[in-house]
Amino acid sequence: MVAAGDRTQGEAQQGQPVDALAARVALAQKLARTAGSKARRFFLRPEALHPELKSSSQDLVSEADRTVETWLRAAIGRHFPQDGIVGEEEAATRGTSGYVWVVDPIDGTMPFLVGQPNWCVSIGLAHEGRPVGGAIYAPMLRELYWAMEGAGAYLNGRRLVMNPDWTLASTTIGFGATQKATPEEVGEFVEGLYREGGVLFRIGSGALMLAYVAANRIAGYYDPMLYCWDCWAGAALIREAGGEASFAGDLANPGPIWAGNARVHADLKRLSGA
Ligand code: 2AM
Ligand code: CA
């Protein structure tokens, strides 16, 4: 991963025109805000949500997730019909431009459904398979995060720069294991973390926990299995804030993710047995 300061503002990587990416990042911010307002209206009227189980007793989808993703897909298609879209609730669509939008209409569906404010809309951008930007909006927290390759990462207009000196023990560490993780792997990771002075943090949204890493609110994040829509925008934020985020999945497959400054990133990999 490359530190934000290593590049000129707005400089394009691997040949994609800056204007093409900037136009998409600007739209991602606008769509994240509008989608967040739509989701917020559902949040404030929980009787209209009709939640259904997906893969397990704590993996749910609601009317809000579906409505917001359908709206996001239509809006992206109107502006950039040549781009691909990968999202949590509908099948992926292929594009021809090299850009793919990676959308999660509500990351943190469980917190959303039980009335916690810690959920967000996450919109990532991939170019030829790499994270190049994105926007995360948490409506109940009134926080808009965005990042663009070469231009930095921002929270409500303030530039984010990760603390390069933090260790595992400096402040809490996000851990995203769901019911899909085995008790043994959870136990081993937590035991190792606490042996080294770490303390766990979890808010039920991988996207928001990654944004918190970029904002120096937690020192790192490890999740044994995330999908691209949970982490694409967050990974772009962390890279642009000077940190490291490595996702072992891709646009088609889930995988683990490790994130933090260089030292914490390496320590989380070691503790997870990677
Ligand atoms: P979601 O909103 O798509 O369900 C973190 O490991 C990820 O797991 C989150 O991004 C969240 O994505 C999901 N998650 C959050 N709380 C969960 C829970 N209680 N059970 C299963 N998945 C959860
Ligand atoms: Ca999600």
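Remember, it's 1-based here, ligands and their atoms both numbered in the order they're listed.
- For ligand 1 and D107, the ligand atoms under 4.0 Å from any heavy atom of the residue are 1 (P), 2 (O), 3 (O), 9 (C), 10 (O), 11 (C), 12 (O).
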Let me see the working for L113 and W119 under side-chain contact (heavy atoms from CB on, under 4.5 Å), right down to the final yes or no. CA-CA 10 Å; L113 289 174; W119 52 271; over 6 Å; no
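- With waters neither drawn nor counted, the protein N/O/S atoms under 3.0 Å from the Ca ion (ligand 2) amount to 4.
- E196 is linked by a salt bridge (charged side-chain N to carboxylate O under 4.0 Å, His left out) to R270, counting only residues two or more places apart in sequence or in another chain.
- Taking every heavy atom of G108 and a limit of under 4.0 angstrom, the matching atoms of ligand 1 come to 1 (P), 2 (O).
- Under the 4.0 Å criterion applied to side-chain N and carboxylate O atoms, R195 and E188 are not assigned as salt-bridge partners.
- Interface atoms of ligand 1 facing G176, defined by a heavy-atom separation under 4.0 Å, are 5 (C), 6 (O).
- At under 3.5 Å, not a single nitrogen or oxygen of S205, backbone or side chain, sits near a nitrogen or oxygen of ligand 1.
- Residue E88 places a heavy atom less than 4.0 Å from ligand 1.
- Taking the six-membered ring for Trp and the full ring otherwise, F189 and F175 have centroids separated by under 6.0 Å.
- Annotation for ligand 1: atoms under 4.0 Å from non-hydrogen atoms of T109 are 2 (O).
- Side-chain contact check for Y221 and D223: at least one donor-acceptor pair (N or O, by modelled atom type) lies under 3.5 Å.
- The closest approach between a heavy atom of R202 and any atom of ligand 1 is below 4.0 Å.
- Annotation for ligand 1: atoms under 4.0 Å from non-hydrogen atoms of D230 are 3 (O), 10 (O), 12 (O).
- Residue pairs meeting the side chain to side chain donor-acceptor pair (under 3.5 Å) criterion with at least one partner in residues 198-214, sequence neighbours excluded, are D107-S205.
- Distances from ligand 1 to the non-hydrogen atoms of I106 include at least one value under 4.0 Å.
- Here is the list of ligand 1 atoms found below 4.0 Å of a heavy atom in T178: 6 (O), 8 (O), 21 (C), 22 (N), 23 (C).
- We find that R239 and E244 are not joined by a salt bridge, their nearest charged nitrogen and carboxylate oxygen being 4.0 Å or further apart.
- For residues 254-263, the side chain to side chain donor-acceptor pair (under 3.5 Å) pairs, not counting sequence neighbours, are W258-S272.
- Here the two rings, on F112 and F43, have centers that are under 6.0 Å apart.
- Distances below 4.0 Å separate heavy atoms of G206 from the following atoms of ligand 1: 9 (C), 10 (O).
- Per-residue contacts place G204 under 4.0 angstrom from the following atoms of ligand 1 (heavy atoms of the residue considered): 9 (C), 11 (C), 15 (C), 16 (N).
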N118 vs M140, side-chain contact (heavy atoms from CB on, under 4.5 Å): CA-CA, chis, key distance, verdict: CA-CA 7 Å; N118 31 287; M140 307 314 293; over 6 Å; no
